[in-house]
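Labels below follow one simple rule: chain letters A, B, ... track the order of the sequence lines, proteins then strands, and each chain is numbered from 1. Atom set for the values below is all heavy atoms of this structure, side chains included, hydrogens, waters and symmetry mates excluded. Predicted model only: the values in this text are computed from it and were never measured.
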Amino acid sequence: MKLYNTLTQKKETFIPIEKGKVRMYACGPTVYNYFHIGNARPFIVFDVLRRFLEYTGYEVTFIQNFTDVDDKIINRSHEEGITPKEVSEKYIHEYFVDADALGIHRASAHPKVSEHIPEIIDMIKTLEEKGLAYNIDGNVYYHVDQFKAYGKLSKQSIDDLKSGARIDINDEKKSPLDFALWKKKKAGEPYWESPWGQGRPGWHIECSAMSKKLLGETIDIHGGGQDLIFPHHENEIAQSEGSCGKPFANYWVHNGYINIDNEKMSKSKGNFFTVRDIAKTFDLEAVRMFLLMAHYRSPVNFSKALLQQAATALERLYTAKYQMVFLLEKAANNMVSEAEKLWIATLDQYKKAFIETMEDDINTADAISVIFELVRDLNSSLDEHSSKPALLAGQTIFRELTDVLGLAVKDKETNLDAEVAALIEQRQAARKAKDFKRSDEIRDELLAKGIVLEDTREGVKWKKA
RNA sequence: GGCGCCAUAGCCAAGCGGUAAGGCAAAGGUCUGCAACACCUCCAUCCCCAGUUCGAUUCUGGGUGGCGCCUCCA
């Protein structure tokens, strides 16, 4: 397995700390709103990375946090007239609604900042003891100048960062690069007791503290969007490595942006589509398909038209999947022919090609093309004369590969309401009597109800539009 | 100013030293009462210029055109 490591700026062979096991952490959402598809990309990408690692035999512990203590949440609570806790609980719930629809598996754990305050305080204390943090009247800052490796992830020198930094007026920090580890309580904000007085943690410290608690001091993979490289991940390194003196993460994996008209989609720019909104017109699996059809590091432009392309492509996968189910239900032949035996033996090439391409820095675009090649093969090789074992072999390889990507996972709807079933019967009778006018009328009528009919050699089939 | 990314068919998108995967769309065909699905056929020399090489979309240099980070952001 090769992964592009932001730290070294090249693809590297992945070697876990502990043989057969992977510890990975990905930054999760700040839960103050529905998430947008820019947020969805890392969720999907790291879900696929995790699935693939598991597929290839690793035991993966995957942590994705919820940031539930944050300015944006506090603002939202004021706007909605509810407590910050109510805001975060609401959007954690909504996160799972959307994540489930996107086919994202639950992480091994979804830790919350609010439940790790003691660990956060401990880490800040350690940093203070090591001279890497300083307290000014209840606000504790990280002393960036004291951490020599600062900038190693974002490839910036402290001096360059300083020259590019915007100057805050009346800033009490020693350097514009210093960032808050602990923020002194302000009126109307949630707070916790600490050695520095009442207050709450800064943004970056949570990931360092929770990662350490749940995965240990050094982890295998840390992931997130490219926009987190600086300052968030740079700061995490400063905190984690500063406090324990060991490497924080061996592989830093970052996904590219989602753009609208070639410009980055972001909440601050306002040019974003929430996943919830897209769910009104598309099955969210199309979003997953859309994102996985491109390599995770390349920027992708988003539009409804492009999403429709992905949805149509996904449909092709489902057609093949359901066709095999259909044929299996009817298959009477259990005897595998010699020709089928030869064909079954060739299926392994798809699996090999799939794994090879996924092992090359999770090239899902290429992996999907392998699946489409498999689909063409299945469609042309399997028919009503195929034996059960041949059909099962096709179905197995198809499921195995699509499951790794989390695509085409849904089963066909089988319950048809009586009225529709009756209409289909009537249409069949009309067709038999060559009353095509009537049969076409019924077909149109069903289409209006969202039922698409297809007359095949093997009989009439229906599906939801 | 510092750091970094990208430019492949109508659209999307892999490949990254040996003469261009896949999807969507379009066109022609097979199947079908028609349609749909499926299948077959067809659709590019890879932004420009100069190097390196037997050979470059793929490496190097220079252009041109986009984009991102350096401030909250996935």
*Asks:* Between B/U8 and B/G15, how many Å separate the two P atoms, rounded to a whole number?
*Replies:* 14 Å
*Asks:* When both hydrogen-bonding distances must be under 3.5 Å and the geometry is Watson-Crick or G-U wobble, what is B/C54 paired with, if anything?
*Replies:* B/G18
*Asks:* Under 4.0 Å between any heavy atoms, over every strand shown, what does A/H36 touch: base, sugar-phosphate, or nothing? Just pick one.
*Replies:* base
*Asks:* Nearest heavy atom decides the nucleotide; on that basis, is A/T456 or A/T357 closer to the 5' end of RNA chain B?
*Replies:* A/T357
*Asks:* Rounded to whole Å, please give me the gap between CG in A/L291 and P in B/C12.
*Replies:* 16 Å
*Asks:* Contact class for A/I229 vs. all strands (heavy atom < 4.0 Å): base, sugar-phosphate, or nothing?
*Replies:* nothing
*Asks:* Tell me whether the NZ or CZ atom of A/R41 lies within the 45° cone about the ring axis of A/F46 and under 6.0 Å from its centre.
*Replies:* no
*Asks:* Of the nucleotides B/G33, B/C3, B/A25, which one has an atom closest to the side chain of A/S439?
*Replies:* B/G33
*Asks:* When you get a sec, tell me which of B/C24, B/C40, B/G68 is the closest nucleotide to the side chain of A/T312?
*Replies:* B/C24
*Asks:* Roughly how far, to the nearest 0.5 Å, is CZ of A/F66 from CD of A/E89?
*Replies:* 11.5 Å
*Asks:* Tell me what A/S266 touches on the nucleic acid: a base, only sugar-phosphate, or nothing, going by heavy atoms under 4.0 Å.
*Replies:* base
*Asks:* Can you classify the ring geometry of A/Y95 versus A/F43 as parallel (below 30°), tilted (30 to 60°) or perpendicular (above 60°)?
*Replies:* perpendicular
*Asks:* Need the pair for B/U32. Rule: Watson-Crick or G-U wobble, both distances under 3.5 Å, any strand; none if unpaired.
*Replies:* none
*Asks:* Here's a test for you: under salt bridge (Lys or Arg N to Asp or Glu O under 4.0 Å), which of A/D444, A/D435, A/D455 qualifies with A/R427?
*Replies:* A/D455
*Asks:* Could you tell me the separation between the CD1 atom of A/I104 and the C1' atom of B/A74, rounded to a whole number of Å?
*Replies:* 12 Å
*Asks:* Give one of base, sugar-phosphate or nothing for A/R457, where a contact means two heavy atoms less than 4.0 Å apart.
*Replies:* nothing
*Asks:* When rounded to the nearest Å, what value does the distance between P atoms of B/G29 and B/C42 take?
*Replies:* 15 Å
*Asks:* Have a look at A/K463 and say if it touches a base, only the backbone sugar-phosphate, or nothing, with a 4.0 Å heavy-atom cut-off.
*Replies:* nothing
*Asks:* Could you state the CG-P distance from A/L374 to B/A38, rounded to the nearest angstrom?
*Replies:* 14 Å
*Asks:* With rounding to the closest Å, how many angstrom separate the P atoms on B/U53 and B/G10?
*Replies:* 35 Å
*Asks:* How many whole angstroms separate atom CE of A/M293 from atom P of B/G23?
*Replies:* 11 Å
*Asks:* Checking all strands, does A/K434 fall into the base, sugar-phosphate, or nothing category for heavy-atom contacts under 4.0 angstrom?
*Replies:* nothing
*Asks:* Classify the angle between the aromatic ring planes of A/Y91 and A/Y34 as parallel (below 30°), tilted (30 to 60°) or perpendicular (above 60°).
*Replies:* perpendicular
*Asks:* Quick one: the side chain of A/D440 and the base of B/G33, do they pair up donor-acceptor inside 3.5 Å?
*Replies:* yes
*Asks:* Do A/D261 and A/N301 get their side chains close enough for a donor-acceptor pair, meaning under 3.5 Å?
*Replies:* no
*Asks:* Quote, to the nearest angstrom, the C1' distance that separates B/A36 from B/A56.
*Replies:* 45 Å
*Asks:* Between B/A36, B/A74, B/A14, which one does the side chain of A/M265 approach most closely?
*Replies:* B/A74
*Asks:* Taking N and O atoms by type only, does the side chain of A/D455 place a donor or acceptor under 3.5 Å from a partner on the base of B/C37?
*Replies:* no
*Asks:* Given the side-chain rings of A/H204 and A/H233, with only the six-membered ring counted for Trp, is the space between their centroids under 6.0 Å?
*Replies:* no
*Asks:* Rounded to whole angstrom, note down the C1' distance from B/G18 over to B/G22.
*Replies:* 22 Å
*Asks:* Any base atoms under 4.0 Å from A/F230, or only sugar-phosphate, or nothing? Heavy atoms, all strands.
*Replies:* sugar-phosphate
*Asks:* I want to verify a distance call: between B/A14, B/C3, B/A38, whose nearest atom is closest to the A/K155 side chain?
*Replies:* B/C3
*Asks:* I'd like to know if A/R443 reaches the base of B/A35 with its side chain, counting only an N/O donor and acceptor under 3.5 Å.
*Replies:* yes
*Asks:* Which comes earlier along RNA chain B counting from the 5' end, the contact point of A/P29 or that of A/K11, where each point is its nearest nucleotide?
*Replies:* A/K11
*Asks:* May I ask you to say what A/E373 touches in the nucleic acid, namely base, sugar-phosphate or nothing, with a heavy-atom cut-off under 4.0 Å?
*Replies:* sugar-phosphate
*Asks:* Taking only the P atom of each, what is the distance from B/A9 to B/U58 in whole angstrom?
*Replies:* 15 Å
*Asks:* How far, in whole Å, is B/C34 from B/G66 if one measures between their C1' atoms?
*Replies:* 48 Å
*Asks:* Looking only at N and O atoms, is any donor in the side chain of A/Q309 or the base of B/G23 less than 3.5 Å from an acceptor on the other one?
*Replies:* yes
*Asks:* If you check every side-chain atom of A/E263, which of B/A25, B/C67, B/G22 has the closest atom?
*Replies:* B/C67
*Asks:* Please report, rounded to the nearest Å, how far the P atom of B/C37 is from the CG atom of A/D383.
*Replies:* 20 Å
*Asks:* Go through B/A74, B/G22, B/A14 for me and flag the one nearest to the A/S369 side chain.
*Replies:* B/G22
*Asks:* In terms of side-chain heavy atoms of A/I258, which of B/G22, B/A74, B/C12 is nearest?
*Replies:* B/A74
*Asks:* Quiz question: by atom type and distance under 3.5 Å, do the side chains of A/Q323 and A/N379 form a donor-acceptor pair?
*Replies:* no
*Asks:* So what does A/G38 touch, heavy atoms closer than 4.0 Å: a base, only the sugar-phosphate, or nothing?
*Replies:* base
*Asks:* If you check the A/P42 side chain, which of B/A21, B/A74, B/G33 turns out closest?
*Replies:* B/A74
*Asks:* Quick one: do the A/E172 and A/Y141 side chains pair a donor with an acceptor below 3.5 Å?
*Replies:* yes
*Asks:* A/N235 has an atom CG; how far is it from atom P of B/C72, in whole Å?
*Replies:* 9 Å
*Asks:* Contact class for A/Q9 (heavy atom, under 4.0 Å): base, sugar-phosphate, or nothing?
*Replies:* sugar-phosphate
*Asks:* How far does the C1' atom of B/A7 sit from the matching atom of B/C11, given to the nearest Å?
*Replies:* 16 Å
*Asks:* Of the options B/G22, B/G33, B/C3, whose atoms approach the side-chain atoms of A/F436 most closely?
*Replies:* B/G33
*Asks:* Check the distance between B/A35's P and A/R427's CZ and give it to me in whole angstrom.
*Replies:* 13 Å
*Asks:* Which nucleotide, B/A38, B/A74, B/A13, lies nearest any side-chain atom of A/A294?
*Replies:* B/A13
